Amino acid sequence: MSTPRAKPKYYLTTPLYYTNGMPHIGHTYSTIVADTIRRYKRMRGFDVFMTTGADEHGVNVERSAQKAGKSPQQYSTEIAVQWKQLWDDLGIPGDEFIRTTDEKHHRTVQWLFKRCRENGFVEKGRYTGQYCVHDNAYVADAGPGDNCPDCGRPTETVTEENYFFKLSEFQKKLLDFYAANPDFIQPESRRNEVLSFVKGGLKNLSITRTTIRWGIPVPGEAPHVFYVWFDALIGYLSAVGGPNYDERGLWPADLHLVGKEIIRFHAVYWPAFLMAADLPLPEKIWAHGWLLFDSEKMSKSRGNVVRPRPIVNALGIEPLRYYLLREIVFGQDGSFSYDALVTRYNSDLANGLGNLASRTLTMIERYFGGEIPNPAAAQRKYTDAPSTAEFANEALTKVMHQYDRFSFSLALESIWEIVAAIDKYITVEKPWSLAEKPENRERLATVLYTAAEGLRVVTALAHPVLPQATQKIWSQLGQTEPLGGFQLDLLSWGQLKPGTKIGKPEGIFPRVDKSETIARIEAMEQEQNKAPEAPAAAAASTPVGPGAAPAPGAAAAAKIGIEDFAKVEMRVGQVKSAERVAGADRLLQLQVDIGDEVRQIVAGLALAYKPEQLLGRKVVVVTNLQPRKLRGVESNGMIVAASLPDGAPVLAGFLEDVPVGARLK
Ligand code: MSP
């Protein structure tokens, strides 16, 4: 048994991400949320443990490895290392990074299978069904030729001998469990979705494969390997002791945080596996919504992914954390936009919290020699500034309640109401005028004490979301205890000690120029998207992405054979019409005649060309690219252009006259 803990434990998990691709901002969102909850729970007195990791088996990874000319193990390891590195670099690492290729995970899966089998919940059978390779799931009620309802890709007909998990025997047990634990699935809309799915009847679930090799072997049953969900889900248990989970005392998990598309696996399969093995069930499954880009779920295949590193390189991780948690209502889908990101940064962080900290600390430095002033004794108990102090005290309770419900956007809104109230208080009280007359000294002390104390409260409350910036302000306020270990339950107004020496006021969030910052992020994004996963054709040319042009030097990639070049079909086109794309500074929507048809193409030309300049112009068009959407507008081809060092595009053209539709070779 585990040794008793001084504090209650809280074990939370992110999904274990697939290693057939690199992280984008959607994955980053999940991990940022988990890290925020971890920090919040620590400040509420919990001994917190967070797991993230990599889901490495399955057909997708096997195929990607094959394409890359590597073994699945080597390929998957290279990618898993990069995922882990990213979380480390962004300051959101798991306390454990579990890989489904870890030996301890293999042992746990095999052990769990044995328990389910011994308890009579596993049987052999044959199965034929429509399978979505991308989502690693059979598609219920689909026939041959049908597409997957989740991702829209074609399903494949699969027949094979499998081991089946007798999921059908768990319908009543699950429904009883959901009824006894009404908070098990969150939010309510997902709970309803799961309830109606389970009420509709459960089919037995195929949990092994004989057709693939890249998986955990079923002991003594070669060539069976475990298949995807009876592998990855078990990672949550492998991470905290597996068969010996009792020793660590962390299982059952208190929270599995997932995206809404995998709620069913977590809220139906996973509890059923655990029930079948007589193991304790997790406390809560919370399914958040999707980050959308160009109104669609971000995904590699749609070509609309946003990567985290360029944003972090340009602005830092904290503005990204703040933006995602403030702007997206947790549980719902939300659109990602660079514009909104930078706007939020400037208004809430640079002009809001950053400015409040710097003006308050600077005035204390200037008027009180860098010591927290002593408010007038009678006014110490905030009779002086009810609008700020009472308000802040009430807000404490409110904010903690909002964090408890994972209503991050509301919690931040409430915290920033305090920021605004203190700002207003300073503006009304005008400490700089009070400082001009010695008889106002006491009043000045009260005003600046109130501002500093308000700042301290805000700083503590915002810490789970902005860990580094708030720690800086906290130290500048002369607080020596690390903020991450501070207990929010002990926070109340008036704890700031007069006479405390403050640190040197330093800028926290410098204001940035919006267009320049977005251009920088987009340029880095384009560069990064070309790296390991980019399709060969996209690297060949041109600025049609969400605005930015490829950076210079990008063409110095590995050499390709003529057969690769021959895959790219280019033709002479003529622009028939051109207009700007609403809300996108760089994009033009063109109708281009390519000989036998007129194509709609969205191109990143607007910074260099006015729409009317392009009418009738002959251009080079890549005609055999997958269509994709840019800012919600379908683009069916790509216009070839050179890119100047500042990112401005220059259209490729001809000195001689060429007929429309002519091919380039
Ligand atoms: N490997 C499975 C999960 C197994 S868990 C035992 C998997 N992996 S994944 O790489 O596809 O990651 C999916 C998760 O990443 C989502 O559930 C969600 O947490 C996050 N997101 C991926 N795209 C996202 C958005 N566009 N928006 C928000 N979150 C997204 O599924």
Side-chain angles (χ1 to χ4, degrees), residues 12-35 37 51-61 64 76 79-80 82-83 86-87 92 94 97-101 105 108-109 112 132-137 148 150-151 190 215 226-239 253 255-271 273-274 282 285-308 320 324-325 327-337 533:
L12 82 159
T13 64
T14 75
L16 309 187
Y17 304 107
Y18 289 131
T19 49
N20 63 333
M22 299 300 288
H24 58 61
I25 205 87
H27 307 111
T28 311
Y29 175 61
S30 301
T31 312
I32 284 178
V33 170
D35 178 72
I37 296 172
T51 295
T52 185
D55 181 358
E56 305 188 47
H57 296 123
V59 179
N60 283 330
V61 173
S64 301
S76 184
I79 300 219
Q82 295 190 57
W83 280 81
L86 178 72
W87 303 148
I92 50 177
F97 187 91
I98 183 79
R99 296 181 52 186
T100 56
T101 49
H105 175 67
T108 307
V109 171
L112 199 94
C132 173
V133 173
H134 179 262
D135 294 339
N136 287 316
C148 168
D150 283 340
C151 70
R190 299 288 153 229
F226 290 104
Y227 208 56
V228 185
W229 294 102
F230 199 96
D231 172 348
L233 287 164
I234 300 164
Y236 299 140
L237 184 57
S238 319
L255 173 68
H256 290 313
L257 194 65
V258 298
K260 65 179 183 182
E261 79 290 356
I262 52 175
I263 182 70
R264 193 181 292 177
F265 307 113
H266 284 77
V268 182
Y269 296 5
W270 184 219
F273 295 165
L274 291 165
I285 318 282
W286 227 108
H288 64 69
W290 288 337
L291 287 192
L292 310 175
F293 197 70
D294 294 337
S295 322
E296 289 193 84
K297 182 177 184 239
M298 229 174 260
S299 80
K300 195 172 55 169
S301 53
R302 288 195 187 98
N304 63 347
V305 293
V306 173
R307 306 283 175 184
L320 177 62
L324 291 174
L325 291 165
E327 198 87 356
I328 289 150
V329 175
F330 192 62
Q332 295 177 16
D333 290 352
S335 279
F336 181 90
S337 125
E533 312 183 308

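A quick note: this is a predicted structure, and the numbers were derived from the prediction, not measured. Position 1 is the first residue of the sequence; numbering continues from there. Any value given below was found using the heavy atoms of this structure, including those in side chains, with hydrogens, waters and symmetry copies removed. When a ligand or atom number is given, it counts from 1 through the structure's own listing order.
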Euclidean distance, [Y] [atom2] relative to [X] [atom1], rounded to 0.5 Å:
X    : Y    : atom1 : atom2 : answer
L237 : T51  : CG    : OG1   : 10.5 Å
R264 : I285 : CZ    : CD1   : 14.5 Å
L291 : H24  : CG    : NE2   : 8.5 Å
W290 : E261 : CH2   : CD    : 6.0 Å
I25  : S30  : CD1   : OG    : 11.0 Å
I98  : D55  : CD1   : CG    : 11.5 Å

Could you list the atoms of ligand 1 found under 4.0 angstrom from a heavy atom of [X]?
X    : value
I262 : 3 (C), 17 (O), 31 (O)
G289 : 28 (C)
W290 : 27 (N), 28 (C)
L233 : 6 (C)
A232 : 6 (C)
D55  : 1 (N), 2 (C), 4 (C)
G26  : 20 (C), 21 (N), 24 (C), 25 (C), 27 (N), 28 (C), 29 (N), 30 (C)
H24  : 22 (C), 23 (N), 24 (C)

Around [atom], find the nearest protein heavy atom and jot down its residue, atom name and distance.
atom                    : result
atom 20 (C) of ligand 1 : S30 OG, 3.4 Å
atom 15 (O) of ligand 1 : H27 CD2, 3.2 Å
atom 26 (N) of ligand 1 : L291 O, 3.1 Å
atom 12 (O) of ligand 1 : Y17 CD2, 3.5 Å
atom 14 (C) of ligand 1 : E261 OE2, 3.8 Å
atom 3 (C) of ligand 1  : L16 O, 3.3 Å
atom 31 (O) of ligand 1 : Y18 CE1, 3.7 Å

Of all the heavy atoms in [X], does at least one lie under 4.0 Å from an atom in ligand 1?
X    : result
Y236 : yes
H288 : yes
F265 : no

Exercise. Would you confirm whether the ring centroid of Y236 sits within less than 6.0 angstrom of the ring centroid of H266?
Key: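 They qualify: ring centres under 6.0 Å apart.
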Exercise. Using only heavy-atom distances, determine whether the side chains of W83 and H27 contain a donor-acceptor pair under 3.5 Å.
Key: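 The answer is no; no qualifying pair exists.
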Exercise. Check W229 against ligand 1 and report side chain, backbone, both or neither, counting heavy atoms closer than 4.0 Å.
Key: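 It is the side chain that gets close, since no backbone atom is under 4.0 Å.
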Quiz prompt | Contact summary for A287 and K260, nearest pair of heavy atoms | solution =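 That closest heavy-atom pairing would be CB-CA, 3.9 Å.
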Self-check item: Heavy-atom pair of closest approach, residues I328 and G334
Solution: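 Shortest heavy-atom contact: CG1-CA, 4.1 Å.
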Quiz prompt | T108 side chain near L112 side chain, heavy-atom distance below 4.5 Å | solution =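 The answer is no; the side chains never approach within 4.5 Å.
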Self-check item: ring-ring contact (aromatic ring centres under 6.0 Å, His included) assessment of Y269 paired with W229
Solution: CA-CA 8 Å; Y269 296 5; W229 294 102; 7.2 Å; no
